[in-house]
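Since the structure comes first, as structure tokens, the remarks are kept for the end.
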Amino acid sequence: RVYEASGMYSIEAVKQATNTVKIDRTVPTTSDDYGAKNDVWQNADQTIILTPADPAPSSGFAWTKYCTDAVNNCDPTSGTTYTVPVVINTAGTSYFRYASQDNADNLQTTVSKTVKIDKTVPAVSSITAPAGGSYKKGTVTITATASDNVGGSGIAKVEFYAGAEKIGEDTTASYSLDWNTTGLNGGYSLTAVAIDLAGNTTTSGAVVIHVDNTAPTVTIVLAGGFAVNANQMAFSPNGDTIMDSIGIDVAFSESVDYSI
């Protein structure tokens, strides 16, 4: 500014001040590593890792907090400050909820993850048919029962085994399998393995059956002379045409239920 007084001039400098204003309207975007396991049954304690993030222009983090409950409504703003990975070991269904807030007071919308833990094996698995010691051939129907513990994850499927070989499975109760034994012979140990939704297993007691797909053979031993054609056998030990009495022994290659 310039001032005139008695022909003299003076100059006065004007001071200016600059203030920097920082604006952050973007909420934090903290994320977790639990995506694939969310709402899926697991059979071990679960660890969840959070990765705090605040998009530019960032005012910086004020905090990241979390809480857990059984009804999915706890408020993470009054929960625990996140510093290390969180381990959850509660059996059944629980909820892990978290959020972050930056230094501009932008608050992330609460994120909720469903944690399901079942570390208990199914309660029951048993084969109900066929009966142990029975003889079978062709297609053999195997049936089994299976149930999970109260509050468990539920039965996912039942697998059927003949010895160490898996021969099939069923995902729907009542559990059964039609086993094609064509070409098989001998004793077989049958078991059923119940598997719950968390992957826990229970194996039934073994049921041993006998598979026999080979027809018995018959050996006929005749005492005396005989002749055979396509339709009949004629016995005449002395060679004449008069019917004679004769002894016949019939031998089977294995035990049979009946013969004609």
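This structure is a prediction, so every number in the text was calculated from the model and none was measured.
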Ser31 versus Thr51, side-chain donor and acceptor atoms under 3.5 Å = no
Side-chain donor-acceptor pair present, Thr29, Asp54, cut-off under 3.5 Å = no
Using the test side-chain contact (heavy atoms from CB on, under 4.5 Å), find all partners of Thr26 that sit at least two apart in sequence or belong to another chain.
-> Asp24, Pro55
For Asp118 and Ser153, test the side chains for any donor-to-acceptor distance below 3.5 angstrom and give the result as yes or no.
-> yes
Determine, stepwise, if the pair Thr139 / Asp178 fulfils side chain to side chain donor-acceptor pair (under 3.5 Å).
-> CA-CA 6 Å; Thr139 299; Asp178 289 332; over 6 Å; no
Taking atom types as modelled and ignoring hydrogens, do the side chains of Asn72 and Arg97 form a donor-acceptor contact shorter than 3.5 angstrom?
-> yes
Measuring from Asp102:CG to Trp63:CH2, what's the distance to the nearest 0.5 Å?
-> 10.0 Å
For the pair Ser126 and Ser204, evaluate side chain to side chain donor-acceptor pair (under 3.5 Å) and give the outcome as yes or no after the intermediate values.
-> CA-CA 5 Å; Ser126 62; Ser204 72; over 6 Å; no
Modelled atom types, side-chain donor and acceptor of Thr30 and Ser100, under 3.5 Å | yes
Ring centers of Tyr98, Tyr82 separated by less than 6.0 Å = no
Does the side chain of Ser94 pick up a donor-acceptor pair with the side chain of Thr68 at under 3.5 Å?
-> no
Report the C-alpha separation of Asp45 and Lys119 in whole Å, then their side-chain angles, then the decisive distance to 0.1 Å, and conclude whether the salt bridge (Lys or Arg N to Asp or Glu O under 4.0 Å) test is met.
-> CA-CA 9 Å; Asp45 295 348; Lys119 294 185 282 187; 2.8 Å; yes
Show the numbers, then the answer: is there a side chain to side chain contact (heavy atoms under 4.5 Å, CB included) between Thr93 and Lys116?
-> CA-CA 5 Å; Thr93 300; Lys116 294 181 174 181; 3.7 Å; yes
Any donor-acceptor N or O pair under 3.5 Å, side chains Tyr175, Glu169 = no
Going through the distances and angles, do Asp170 and Lys157 end up as a salt bridge (Lys or Arg N to Asp or Glu O under 4.0 Å)?
-> CA-CA 6 Å; Asp170 192 1; Lys157 62 181 177 179; over 6 Å; no
